[in-house]
Structure formats: structure tokens, C-alpha cells
There are 2 protein chains.
Amino acid sequence: MLIRKLESIAPLSDEEREAIHGLPTKIRTLQAGQNIVHEGDKPSQCCLIVEGWACRFKILGEGRRQIFSFHIPGDTPDLQSLHLHTMDHSLATITEATVVLIPHDRMMDLTMRFPRVGALLWRDTLIDAAIFREWMAGIGRKSAFGRIAHLFCEMYVKLEAVGLAGDNRCPLPITQAELGDALGLTTVHVNRTLQAMRGQGLITLRGNTLVVHAWKELCQSSEFDPAYLHLAKTG
Amino acid sequence: MLIRKLESIAPLSDEEREAIHGLPTKIRTLQAGQNIVHEGDKPSQCCLIVEGWACRFKILGEGRRQIFSFHIPGDTPDLQSLHLHTMDHSLATITEATVVLIPHDRMMDLTMRFPRVGALLWRDTLIDAAIFREWMAGIGRKSAFGRIAHLFCEMYVKLEAVGLAGDNRCPLPITQAELGDALGLTTVHVNRTLQAMRGQGLITLRGNTLVVHAWKELCQSSEFDPAYLHLAKTG
DNA sequence: CGGACAATTGATCTACCTCAAAATTGGTGG
DNA sequence: CCACCAATTTTGAGGTAGATCAATTGTCCG
């Protein structure tokens with residue numbers, strides 16, 4: 001799965017592919033709402049999500065929480081721990097999930113022996129940062145409506161890229177409280193804004209499934225431009 | 001300067017040091033408020049700030065702007081263009097500035113020949129992302145007061161790390177409008193909040209200089225914990 | 001069927017925004 | 001050294017998106 005993702009950007013040599021394949025992998029299945037790594041930890045391995053959803057977040061005082069990202073199969077959400085040894089935030093599952101754990105030393109070894117593979121992983125963390133910037137712009141400068149719509153567009157495109165969305169429909173196992181924590185809103189306001197979006201016939205969101213009825217309008221109202229995701233097609 | 005920064009994390013071999021030294025560098029002096037790279041560009045070089053301040057930002061519709069980061073001497077703010085070829089945001093000077101431009105191909109060559117140097121540069125971009133997350137948490141979940149105070153703490157610590165701050169005093173050549181665009185606030189509200197901060201005797205901000213009168217209170221009121229900056233001392 | 005979690009509703013409040021004008025400041029040229 | 005300009009900072013008045021608090025309803029699932 002990691003190979004497939006990396007090759008979507010640049011082809012790998014047999015040698016490189018083999019080296020990735022040779023990484024020792026520990027597969028683990030986790031319950032929903034379980035921490036993978038916690039702020040302050042010094043993990044010795046990093047994880048690849050094979051199935052399910054996860055999110056990264058930080059708890060502030062008085063019950064406030066900021067979610068930084070949602071992660072889906074194919075993502076390596078804590079790659080940064082390879083070079084920044086102390087976690088400055090937490091990573092937890094949202095749904096039941098299957099993850100693969102890869103020891104840091106082996107990963108490091110891989111990037112030293114095959115700098116081109118390292119570059120692809122580096123690239124992945126740069127896209128991560130690009131998504132952070134986009135969220136920041138949303139939280140800082142967009143309306144609640146625009147922020148939620150933008151997140152829907154982003155998740156749809158990301159899911160589509162790994163074959164998990166299509167036909168204007170994608171999974172979205174996220175509660176309104178989580179949406180609020182990701183977008184800097186309260187649950188109540190997320191709820192009311194969702195009702196407005198439904199009222200305008202833009203989307204349906206029921207039973208962990210999002211259906212987009214008017215993609216173009218959704219993009220427009222949220223100023224969504226997928227360039228920042230740097231997907232293969234878009235360059 | 002780049003060598004000094006990288007060596008603050010891990011020592012370099014003579015060979016590595018020499019390779020960095022051997023990079024072709026074009027020095028340029030820029031006026032204040034000048035674009036270095038623009039959203040949509042495909043730059044063929046990346047820049048190191050030698051003197052002056054810069055910021056990264058994105059323009060949204062209707063005069064809205066989000067500033068993602070402020071950059072000071074020693075920073076390499078567009079390192080990401082090495083792997084993400086199309087800029088998804090812009091980089092511009094805030095003050096008059098001196099920058100060094102390094103061709104991508106030479107930089108890439110360096111990281112391929114010396115993966116350890118590549119790793120240090122990678123690390124730098126990961127800290128960049130950590131700062132984005134911290135800003136996101138601020139914009140999403142903190143009061144105007146907390147956000148401004150937090151930015152002051154962050155800039156002070158970053159400047160101190162490169163020897164540009166000390167004695168509770170540091171340069172801060174940022175207008176209130178820029179502060180607002182960075183923190184998701186209006187100029188008017190930034191102004192009023194600053195007055196409150198002054199009123200409480202926490203800071204003085206005049207003539208592009210910030211003086212912190214009560215560091216501890218400033219940190220507390222903004223929930224500032226420098227761990228996310230991953231400075232050498234802190235690990 | 002019951003319990004826990006998630007979604008929804010209502011009423012009220014406030015931190016921050018908008019608009020518009022005035023006062024300061026710093027730099028510049030004469 | 002002063003007058004002037006443009007950019008900043010500051011002030012005032014009034015408005016609103018989104019927060020807060022407190023139930024109530026719906027849904028999933030063992």
C-alpha cells in the first residue's frame with residue numbers, strides 16, 4: 001500500500017521497491033477512539049493506516065480541543081516523529097482501524113540508503129503542511145459554511161484519490177463535535193450550518209456517508225481549489 | 001549561516017560542510033513588501049533569509065488574506081518548493097531583506113549525495129508544519145488576547161534562538177494589519193487587544209520593538225509551551 | 001428494552017466585526 | 001529643519017456570526 005502511494009508520484013526501482021517490501025511490519029487492529037501516540041511520547045516507530053480513520057489533535061485547557069487533520073487509508077500520519085522525537089500533539093483512531101507499525105531505525109535506514117524514497121516521504125509531509133495551511137486559512141478567514149463545505153470537498157478528493165469515493169458519495173465517519181473541533185466551531189453551530197447546507201440541496205449527510213448533490217456550488221461556496229493537495233494529476 | 005543552523009541540531013562531517021559551502025549562491029537585496037515567489041509559480045530555486053523579515057500568505061477573495069508564517073534570518077521559507085513544484089501560496093518580504101537563492105537542482109543533488117543533510121532540511125520543514133498546527137490551534141480555539149500573546153512568545157523565542165532577541169526585547173517589524181491577517185482578526189480588534197495587553201503591563205510595542213515586561217504571565221495567558229518549536233535545548 | 005452517544009432545538013449573550021473618521025507616525029524632499 | 005504625504009494606529013458607534021447553556025429527541029447496538 002505504501003509502495004502504491006509512493007509510485008503514484010514517481011516510479012521506484014526494483015531495488016527500492018524490494019527494500020520497502022522488506023521493512024518489518026507489525027499489523028495492529030485498534031478500536032475506535034483509541035490513542036496511537038500521545039503528546040509528549042517519544043515513539044520508536046511510525047504508522048501507516050491500512051483501514052479506518054484517524055485524526056491528529058491537541059487538547060488545550062478547559063475541554064477545548066483542536067483537530068489538525070483527518071487521516072484515511074494510505075496515510076502515514078506520524079511520519080514526522082522520524083525526525084522530531086517528541087510528539088507535540090496526539091494521534092488517535094476515529095473508527096476501528098488497522099495500522100501497520102514500522103520501526104524508526106529501519107525507516108531511517110531506508111531513507112539513508114535510498115534518498116529518492118526519502119524524498120517521496122518528505123514530499124508527503126510537505127503536503128501535510130500544505131493542508132494545515134489551507135485549514136488555517138479556512139479557520140482564520142472563512143465563514144462556518146465555507147469551512148465545512150471546504151472540508152467536505154477536501155475529504156472527497158482525498159478519498160477519491162485512493163479509490164474510496166466516487167459517484168458523488170464518500171464515507172465520512174465524523175461526528176459533528178469532531179467537525180467543530182477541526183474547524184474551530186461549536187457542535188451547535190456545526191449542526192445549524194449543516195442544516196443550511198442540506199436546505200440548499202448541496203449535500204446529504206447521514207449514517208456516516210456524505211453525498212454531494214452539487215459539487216460545483218460546494219466548491220464555489222468554499223473557495224475550494226485542490227491545487228494545494230498536489231495530487232499526481234494536478235502536478 | 002545555513003551550516004550554523006543545521007549544526008545546531010547535529011554535527012556535520014567536513015565533507016558535508018564543504019558540500020554546503022560549495023553551493024552556488026546568488027545574493028539579492030529586496031525592498032520591503034516585495035514578492036519573492038507567488039502562488040502558482042514554479043520556482044527553480046529556494047531561498048535562505050540572511051537579513052530582514054518575510055511572510056508566507058495566501059490571498060482569498062474580497063481582500064481577505066491569511067498569513068501562515070513570519071520568517072526571520074536563518075529561515076528557509078520555501079524549501080517545500082524543492083518537492084512540490086507549484087507554489088500553493090506566496091512568499092514576500094515584510095522589511096527590506098537580504099536573501100540567498102540556491103538552485104533546486106543543486107540542492108536536490110546535495111540531499112541525494114548526503115542524506116543526512118537532507119534529513120536535517122526535512123526536519124526543518126517538519127518544524128514548519130508544527131508551527132502551522134500551533135497557529136491553527138490558536139486561531140481555532142483561543143481568544144484574540146491569547147493568540148496575540150502566543151505569537152509574541154513564539155517570535156521572541158525564535159529570535160532569541162538566532163541571537164536576535166535578549167533582555168526581554170526583540171524586533172517586531174509587523175503592522176497591526178499583518179498581525180490581524182496572521183491571527184484571523186481585524187486590525188481594529190488587534191489594536192484594542194494590544195491596548196489591553198499594555199494596560200495590564202505585559203508588554204510594550206513601539207517603533208518595531210517588542211518589550212516583554214512579564215514573560216511568565218504572557219506565556220500563561222497564551223498557553224505557550226515552546227515544545228512544538230523543537231529547539232535543540234528542548235529536544 | 002435500555003443506555004450511551006449523537007443530533008437537534010430554543011433562548012440568550014458576547015467577542016469580535018463593520019464602517020467611518022480622526023489622530024499619530026515615520027519618511028521624504030525642499 | 002520644516003512641511004507634507006502615505007501608511008499606520010487609534011477612537012466611536014452599532015451590528016452579527018457564532019458561542020453558551022440547557023434540554024429534548026433520535027439512533028445505534030448489545
Side-chain angles (χ1 to χ4, degrees), chain A residues 31-34 53 55 60-67 92-96 138-149 151 171-199 203-210 221-222, chain B residues 31-34 53 60-67 92-96 138-149 171-199 203-210 221-222:
Chain A
Q31 298 293 305
Q34 206 156 54
W53 285 50
C55 71
L60 315 194
E62 297 123 53
R64 286 165 305 142
R65 175 172 70 150
Q66 179 66 47
I67 293 178
T93 57
I94 289 182
T95 67
E96 192 181 348
I139 299 172
R141 289 297 183 215
K142 286 178 192 165
S143 67
F145 195 106
R147 290 181 227 181
I148 297 178
L151 182 64
L172 202 84
I174 293 177
T175 67
Q176 295 180 6
E178 285 160 347
L179 272 180
D181 282 344
L183 302 173
L185 301 167
T186 57
T187 311
V188 173
H189 199 59
V190 168
N191 184 277
R192 292 187 169 128
T193 309
L194 283 174
Q195 289 177 46
M197 293 179 70
R198 283 194 271 250
I203 58 143
T204 305
L205 178 56
R206 279 191 55 78
N208 292 344
T209 298
L210 170 71
S221 67
S222 63
Chain B
Q31 298 293 304
Q34 208 155 53
W53 286 49
L60 314 193
E62 296 123 53
R64 285 165 305 144
R65 176 172 71 149
Q66 178 66 46
I67 293 178
T93 58
I94 289 182
T95 67
E96 192 181 348
I139 300 173
R141 290 296 183 217
K142 286 179 192 165
S143 68
F145 195 104
R147 288 181 228 180
I148 297 178
L172 202 84
I174 293 177
T175 67
Q176 294 180 8
E178 284 160 348
L179 272 180
D181 283 343
L183 301 173
L185 301 167
T186 57
T187 310
V188 173
H189 199 58
V190 168
N191 184 276
R192 293 188 166 126
T193 309
L194 283 175
Q195 289 178 46
M197 292 178 72
R198 283 193 271 248
I203 57 143
T204 306
L205 177 56
R206 277 192 57 79
N208 293 343
T209 298
L210 171 72
S221 67
S222 62

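Not measured: the values here are computed from a predicted model. Any value given below was found using the heavy atoms of this structure, including those in side chains, with hydrogens, waters and symmetry copies removed. Each chain gets a letter, A, B and so on, in the order its sequence line appears, and its residues count up from 1.
- Residues satisfying the side-chain contact (heavy atoms from CB on, under 4.5 Å) test with T95(B), not counting sequence neighbours, are W53(B), P173(B).
- T193(A) comes within contact range of no nucleotide atom at all, as no heavy-atom separation falls under 4.0 Å.
- With hydrogens and angles disregarded, a donor-acceptor distance shorter than 3.5 Å links the side chain of T93(A) to the backbone of Q31(A).
- Proximity of residues 171-185 of chain B to DNA chain D (heavy atom under 4.0 angstrom from any strand atom) is restricted to T175(B), Q176(B).
- Contact between the side-chain N/O atoms of Q195(B) and the OP1/OP2 oxygens of dT9(D) is not found at any separation under 4.0 Å.
- Residues satisfying the side chain to side chain donor-acceptor pair (under 3.5 Å) criterion with E96(A), sequence neighbours excluded, are absent altogether.
- Judged as a side-chain contact (heavy atoms from CB on, under 4.5 Å), and not counting sequence neighbours, the contacts of R64(B) are R141(A), K142(A), E223(A), L60(B), E62(B).
- Separating the OG1 atom in T193(A) from the CD atom in Q176(A) is a distance of 9.5 Å, to the nearest 0.5 Å.
- Contact of the L172(B) side chain with the T209(B) side chain is not registered, since no non-hydrogen atoms from C-beta on lie closer than 4.5 Å.
- Helix-axis bend for the helix from dC1(C)-dG30(D) to dG30(C)-dC1(D): the local axis fitted to the five terminal pairs at one end deviates from that at the other end by 50°, rounded to 10°.
- Heavy-atom contacts of chain A under 4.0 Å fall on DNA chain C between two terminal nucleotides, which in 5' to 3' order are dA6(C) to dA11(C).
- Partners of T204(B) under the side chain to side chain donor-acceptor pair (under 3.5 Å) rule, at least two apart in sequence or in another chain, are H213(B).
- Evaluation of the side chain to side chain donor-acceptor pair (under 3.5 Å) rule for Q34(A) yields no partner, not counting sequence neighbours.
- What separates CD1 of I139(A) from C1' of dA17(D) is a distance of 16 Å, to the nearest Å.
- Side-chain contact check for L183(B) versus V190(B): every heavy-atom pair is 4.5 Å or farther apart.
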Seminar exercise, completed: 5' to 3', nucleotides 21-30 of chain D under a 4.0 Å protein heavy-atom cut-off (B base, S sugar-phosphate only, - none) gives B---------

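- The side chain of N191(B) contributes no N or O atom lying less than 4.0 Å from OP1 or OP2 of dT9(D).
- A straight line from NE2 of H189(A) to P of dA17(D) spans 9 Å, rounded to a whole angstrom.
- Taking T175(A) as the reference, A177(A), E178(A) meet the side-chain contact (heavy atoms from CB on, under 4.5 Å) condition, with sequence neighbours excluded.
- For residues 186-199 of chain B, the set of pairs meeting the salt bridge (charged side-chain N to carboxylate O under 4.0 Å, His left out) definition, not counting sequence neighbours, is empty.
- Taking atom CG of N208(B) as the reference point, atom P of dT8(D) lies 10 Å away to the nearest angstrom.
- Look at R198(B) and you'll find a side-chain N or O under 4.0 angstrom from OP1 or OP2 of dT10(D).
- Note that CG of L179(B) is 9.0 Å distant from CG of L185(B), once rounded to the nearest 0.5 Å.
- Taking A182(B) as the reference, I67(B), F70(B), W135(B) meet the side-chain contact (heavy atoms from CB on, under 4.5 Å) condition, with sequence neighbours excluded.
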